[in-house]
Structures are given as structure tokens and as C-alpha cells.
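Okay, structure first, notes after.
In this chain, numbering begins with 1 at the start of the sequence shown.
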Amino acid sequence: MMNIKVNMLLDAKGLACPMPIVMTKKAMNEIEDGLVLEIQATDKGSKADLKAWAESVGHQYLGTIEEEGVLKHYLRKSTSTETIEKQHQNVVTNDELDKRLKSNKNMIILDVREAAEYAFNHILNAISIPLGELEERLHELKKETEIYVICRTGSRSDLAAQKLTESGFTNVWNVVPGMSLWTDETNSITN
């Protein structure tokens, strides 16, 4: 295996979303522009999450190498003029989404969590497309339909909402705080 020169190592093994991103964001604030950070994680979703996060804030995603169950992600810190974090402009709360669902509007709930997260608990009739698969599955969605994007906390859904908007979808909403505080009816493998 080739030896990749890094300037800082971040151990995020054993942590689940959103912690690898939270820790990466903090580490990126600590290193100088142009330096490379290696993030070691075991959460399979971290590959799509860290790539999408880096792209949304302007850092350079270099790639990921998997060794013995550990994902080694490599990010290069961009200059301060390149790292303005974007956030999707249309946001709804869980309560607002619940009201819209009850009005039976023609809408899609797009759940961008990993398949296992979705299986254990999801909003009725939600469509599952994990963030890492979104680009290759955009054709499954209609651009003119109202789309409410949800994840566990609002971070992955924010990145997905940005990606949809950039791809020509015109009526996209990020649901915050997401499934971590969703209190209405859900489906799950245990129901």
C-alpha cells in the first residue's frame, strides 16, 4: 500500500453520523490552508457524508481507501476564500412537514439516510435513496414534484437538497431536525 503524506490524523472510528463530520469540521479549523487531513472511520456512510460535506464547504475531497474495515478519508483544506459553507435556502421543521403530509399534497419524502437506518424507522411512504447513491439515482425523481429531504439530523439532507437544486429540481425542502426528533407515525422492520 502506498504511503500518503498527511499533516493531521483524526480518529473517528466507532462513531456514527454526524460525529465524523463534526470532528472533521473542528479539525479543519485547526490546520492551515493547503494541508491534508486523514480521517479514519468505520461508519460506512462516512464516505458519502464526508465527500458531500467537503464539496459543500469548498475543501478538496481527495479520496478514500479502505483497509481492514477502516475507511481512510483524505481531505485537503482549501483557502478561507474557498470555504464558505452553503446551506440550502428552503427549510421546514418536522412539525411543518407533518402538517403538509396531513394535507395530502402531491409530494415526495426523500430519506437520504443509509438503508439500515431507513429500515429500522422511516416516515410512511418515504423513498429511500442514501446520500451516496443520490447522483446516480436522480432519474428516479421528478423535477417538478415538491421534495422534502430528511436524514437523522438535517446535515445529510441539507447536502442532498443542495445537490437536487444544483441538478435542476425546483421545489426542494430540507427537513430539520429530521428523524432524530420525528414523533409522528413511522414504518420499521419491527412494525
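- Atom CD1 of Ile39 is separated from atom NZ of Lys47 by 13.5 Å, given to the nearest 0.5 angstrom.
- Asp111 and Ser128 form no side-chain donor-acceptor contact under 3.5 Å, judged by distance and modelled atom types alone.
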Pair Ser157-Asn174, side chain to side chain donor-acceptor pair (under 3.5 Å): steps then yes or no:
CA-CA 6 Å; Ser157 55; Asn174 181 25; 2.4 Å; yes
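- With values rounded to the nearest 0.5 angstrom, His59 atom NE2 is found 15.5 Å from Lys51 atom NZ.
- With sequence neighbours left out, the side-chain hydrogen bond (donor to acceptor under 3.5 Å, both in side chains) criterion links Asp184 to Lys102.
- Of the candidates Leu75, Leu37, Leu35, Val36, Met8 forms a side chain to side chain contact (heavy atoms under 4.5 Å, CB included) with just one, namely Leu37.
- No chain of hydrophobic side-chain contacts below 4.5 Å, direct or via other Ile, Leu, Val, Met, Phe, Trp or Tyr residues, connects Leu110 to Trp182.
- Among all heavy-atom pairs drawn from Leu131 and Ala52, the shortest one is CD2-CB, 3.9 Å.
- Grouping the Ile, Leu, Val, Met, Phe, Trp and Tyr side chains by contacts below 4.5 angstrom, directly or via other members, places Leu134 apart from Met107.
- Other residues, nucleotides and ligands contribute over 12 non-hydrogen atoms within 6.0 Å of the CG atom of Asn29.
- Closest heavy-atom contact between Glu146 and Asn106: CB-O, 4.0 Å.
- Here Leu9 is tied to no hydrophobic group at all, with no ILVMFWY side chain closer than 4.5 Å.
- Of the possible polar contacts, one joining the Ser180 side chain to the Arg152 backbone as a donor-acceptor pair under 3.5 Å is found.
- Residue pairs meeting the salt bridge (charged side-chain N to carboxylate O under 4.0 Å, His left out) criterion with at least one partner in residues 123-135, sequence neighbours excluded, are Glu133-Arg137, Glu135-Lys163.
- Placement of Ile31 and Ile21 within a single hydrophobic cluster is found when ILVMFWY residues are connected by side-chain heavy-atom separations under 4.5 Å, directly or transitively.
- Between Lys72 and Glu38, the shortest heavy-atom contact is CD-OE2, 3.6 Å.
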Check against side chain to side chain contact (heavy atoms under 4.5 Å, CB included), Tyr148 and Ile108:
CA-CA 6 Å; Tyr148 293 85; Ile108 292 174; over 6 Å; no
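- When each of Ile150, Val175, Asn187 is paired with Ile123, the side chain to side chain contact (heavy atoms under 4.5 Å, CB included) condition holds for Ile150 and for no other.
- Summarising the geometry, atom CD belonging to Glu166 is positioned 10.5 Å from atom CG belonging to Leu138; distances are rounded to the nearest 0.5 Å.
- A single hydrophobic cluster is seen to contain both Leu101 and Met179, as judged by linkage of ILVMFWY side chains at heavy-atom distances under 4.5 Å, directly or through other members.
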Could you list the donor-acceptor pairs under 3.5 angstrom formed between side-chain atoms of residues 11-19 and any protein atom two or more places apart in sequence or on another chain?
from, atom 1, to, atom 2, distance (Å)
Asp11, OD1, Lys13, N, 3.0
Asp11, OD1, Lys13, NZ, 3.3
Asp11, OD2, Lys13, NZ, 3.3
Lys13, NZ, Gln40, OE1, 3.1

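- A distance of 6.5 Å separates CG in Leu164 from CG in Leu141, rounded to the nearest 0.5 Å.
- Here Thr64 pairs with Tyr61, His73 under the side-chain hydrogen bond (donor to acceptor under 3.5 Å, both in side chains) rule; sequence neighbours left out.
- Atom OG of Ser46 sits about 12.0 Å away from atom CE of Met23, to the nearest 0.5 Å.
- Val112 and Phe169 end up in the same hydrophobic cluster when Ile, Leu, Val, Met, Phe, Trp and Tyr side chains are linked at under 4.5 Å.
- Taking every heavy atom of both residues into account, Arg156 and Cys151 meet most closely at N-SG, 3.5 Å.
- Residues Ser56 and Gln162 approach most closely at CB-OE1, 3.9 Å, considering heavy atoms.
- Separating the CG atom in Leu10 from the CD atom in Glu30 is a distance of 9.0 Å, to the nearest 0.5 Å.
- For the side-chain hydrogen bond (donor to acceptor under 3.5 Å, both in side chains) test, no residue two or more places apart in sequence or in another chain qualifies with Asn7.
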Please test Val172 against Asn90 for side chain to side chain contact (heavy atoms under 4.5 Å, CB included), starting from the C-alpha separation and ending with a verdict.
CA-CA 7 Å; Val172 180; Asn90 298 334; 5.6 Å; no
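- A donor-acceptor contact shorter than 3.5 Å links the side chain of Asn94 to the backbone of Gly178.
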Side chain to side chain contact (heavy atoms under 4.5 Å, CB included) assessment of Leu50 paired with Thr24:
CA-CA 8 Å; Leu50 285 168; Thr24 299; 3.5 Å; yes
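- Put simply, the side chain of Tyr118 never gets that close to the backbone of Ile129: no donor and acceptor are under 3.5 Å apart.
- Between His88 and Trp173, the ring center distance fails the sub-6.0 Å criterion.
- For Trp53 against Leu159, the heavy-atom pair with the smallest separation is N-CD1, 3.6 Å.
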Chi angles and distances behind the side chain to side chain contact (heavy atoms under 4.5 Å, CB included) call for Lys77, Glu32:
CA-CA 7 Å; Lys77 182 175 180 176; Glu32 293 180 33; over 6 Å; no
